[in-house]
Amino acid sequence: MELILSTSPAELTLDPACQPEPILRSNLAKLTLDPAHQPELILSPRLSELTPGSACHPEMTLRPGSTELTLEPVHCRPELLDACADLINEQWPRSRASRLHSLGQSSDNFPLCLMLLSSNPTPGAAPIVVGHARLSRVLDQPQSLLVETVVVARALRGRGFGRCLMEGLEVFAQARGFRRLHLTTHDQLNFYAHLGYRLGEPVQGLVFTSRRLPTTLLSAFPRAFPPRPPCNVLSPTAQAAPRAPKGPSLPPPPPLPEPLTSSSLLPARPLPQNLLETQYCDLRGCPIFWMEKDI
């Protein structure tokens with residue numbers, strides 16, 4: 001209802017014909033999600049507060065369109081653990097206890113789980129968990145991170161939140177001195193290619209890291225150790241004379257198979273390196289693409 005002041009200060013009239021609907025600021029009281037709107041990432045001045053040793057607080061503020069988002073570590077918002085577990089299990093069903101345990105391992109020393117949060121239109125209510133991603137260190141590559149478990153709420157997909165999440169991860173990693181991101185995907189190659197990712201080689205993510213274990217020691221774990229020599233090795237000059245066999249002699253061994261010639265070998269098939277085929281597979285045998293990006 002609109003207020004109209006007359007020429008007389010003491011007289012106040014209301015125009016009943018004019019009854020506009022209440023207007024709420026979309027960035028404060030209402031979450032506007034326009035499927036046709038693909039906004040670009042805009043970082044607020046709070047980004048300048050980022051430091052490698054920052055404490056638990058919202059790391060950055062993203063404003064895609066009129067929707068205000070924040071990217072925060074899971075271990076800084078324990079009250080949102082359940083909501084985050086529900087979001088991930090919506091895409092990859094798993095035991096709830098196992099999922100909560102995995103999220104509980106998040107720390108500033110990596111692996112680190114990040115949530116993309118939206119302010120809740122209900123006053124005093126908890127933020128809405130829009131997306132999630134996990135960052136892990138990469139073996140033998142101190143300036144690289146492995147991005148895993150990237151997911152956006154199913155009801156909010158196709159509206160630019162996935163792009164905001166990935167670009168926010170880049171800013172987060174850059175602020176901590178990392179220069180490259182690695183990831184795997186089964187069917188989202190075009191999405192990541194539009195973000196600047198290219199096909200790469202497999203890397204090994206570290207499930208845990210410790211300041212007491214240097215990288216040189218960790219790098220020795222996946223490598224095979226050389227075979228140990230037998231304990232009782234005699235020199236050729238010190239070998240004892242062979243004893244005479246007792247009883248009937250054994251039959252001679254069967255002849256060895258003929259060695260394969262080069263003509264019998266099949267020509268090596270060239271390894272595919274494109275966005276349609278991959279030489280790599282996951283643990284279930286499904287084709288998987290390794291991608292990377294310099295940031």
Check your understanding: Taking 4.0 angstrom as the limit, do Arg96 and Asp82 come out as a salt bridge?
Key -> yes
Revision key, fill the gap. Here the gap from Gln141 atom CD to Arg179 atom CZ, rounded to the nearest 0.5 Å, amounts to 14.5 Å
Exercise for review: Give a yes or no on whether the backbone of Thr149 and the side-chain of His132 come within a donor-acceptor separation of less than 3.5 Å.
Suggested key: yes
Practice item. Please tell me if the side chains of Asn120 and Pro127 come closer than 4.5 Å, counting only heavy atoms from C-beta onward. Key: no
Practice item. Start with the C-alpha distance between Thr184 and Asp282, add both sets of side-chain angles, then the distance that settles side chain to side chain contact (heavy atoms under 4.5 Å, CB included), and finish with yes or no. Key: CA-CA 10 Å; Thr184 60; Asp282 59 12; over 6 Å; no
Review point. Do Pro111 and Leu146 come within less than 4.5 Å of each other through their side chains, counting heavy atoms only?
Key: no
Point to revise | Asp108 and His75, any side-chain heavy atoms less than 4.5 Å apart | key: yes
Revision key, fill the gap. Closest heavy-atom pair, Pro142 versus Arg137, reported as atoms and distance to 0.1 Å, is O-NH1, 4.0 Å
Practice item. Determine, using the 4.5 Å side-chain heavy-atom cutoff (strictly less than), whether Leu80 and Leu114 are members of one ILVMFWY cluster. Key: no
Study note, to complete from the structure: Rounded to the nearest 0.5 Å, the SG atom of Cys164 sits from the CG atom of Leu169 at a distance of 11.0 Å
Review point. Nearest 0.5 Å, what's the CG-CE distance between Leu116 and Met166?
Key: 12.0 Å
Review point. Tyr192 and Leu145: same hydrophobic cluster, using ILVMFWY side-chain contacts below 4.5 Å?
Key: yes
Review point. Hey, any chance Leu87 and Leu156 share a hydrophobic cluster, counting ILVMFWY side chains that come within less than 4.5 Å of each other, even indirectly?
Key: no
Exercise for review: For atom NE2 of His101, decide whether the heavy atoms of other residues, nucleotides or ligands shown that lie under 6.0 angstrom number more than 12.
Suggested key: no
Check your understanding: Any chain of hydrophobic side-chain contacts (each under 4.5 Å) joining Phe161 to Leu183?
Key -> yes
Practice item. Test the Arg176-Phe172 pair against the cation-pi criterion, namely NZ or CZ under 6.0 angstrom from the six-membered ring centroid and within 45° of the ring axis. Key: yes
Check your understanding: Counting N and O atoms only, with roles assigned by atom type, does the side chain of Arg154 sit under 3.5 Å from a partner on the main chain of Glu90, one being a donor and the other an acceptor?
Key -> yes
Which pairs would a plain distance check flag for residues 287-295, meaning a side-chain donor or acceptor within less than 3.5 Å of a matching protein atom at least two apart in sequence or in another chain?
unit_1, atom_1, unit_2, atom_2, d
Glu292, OE2, Arg198, NH2, 3.2
Lys293, NZ, Glu170, OE1, 3.4
Lys293, NZ, Glu170, OE2, 2.7
Lys293, NZ, Leu195, O, 2.5
Asp294, OD1, Arg180, NE, 2.7
Asp294, OD1, Arg180, NH2, 3.0
Asp294, OD2, Arg198, NH2, 3.4

Review point. Is any side-chain heavy atom of Glu68 closer than 4.5 Å to a side-chain heavy atom of Leu117?
Key: no
Check your understanding: Leu135 versus Phe178: any side-chain heavy-atom pair under 4.5 Å?
Key -> no
**Study point:** side chain to side chain contact (heavy atoms under 4.5 Å, CB included) assessment of Ser144 paired with Val203
**Key:** CA-CA 10 Å; Ser144 296; Val203 298; over 6 Å; no
Study note, to complete from the structure: Between Asp187 and Thr185, the two heavy atoms sitting closest are N-OG1, 3.5 Å
Check your understanding: Should Val147 and Val152 be counted in the same cluster of Ile, Leu, Val, Met, Phe, Trp and Tyr side chains packed under 4.5 Å apart?
Key -> yes
Review point. What distance do Leu112 atom CG and Ser136 atom OG have between them, rounded to the nearest 0.5 Å?
Key: 9.0 Å
**Study point:** Atom of Val129, atom of Ala153 and distance for their closest heavy-atom approach
**Key:** O-CB, 4.4 Å
Exercise for review: Identify the two heavy atoms, one from Arg134 and one from Ser102, that lie closest to each other, and give their separation to 0.1 Å.
Suggested key: NH1-OG, 3.6 Å
Practice item. Test side chain to side chain contact (heavy atoms under 4.5 Å, CB included) on Leu165 and Leu71 and set out the steps. Key: CA-CA 8 Å; Leu165 175 60; Leu71 190 64; 3.9 Å; yes
Review point. To the nearest 0.5 Å, how far apart are SG in Cys281 and NE2 in His186?
Key: 8.5 Å
**Study point:** Heavy-atom closest contact (Val150 atom, Trp92 atom, distance)
**Key:** O-CH2, 3.4 Å
Check your understanding: What pair of heavy atoms forms the shortest contact from Leu100 to Leu81, and how long is it?
Key -> CD2-O, 3.8 Å
Review point. So Ile128 and Met115, side chain to side chain contact (heavy atoms under 4.5 Å, CB included) or not? Walk me through it.
Key: CA-CA 10 Å; Ile128 301 173; Met115 297 180 296; over 6 Å; no
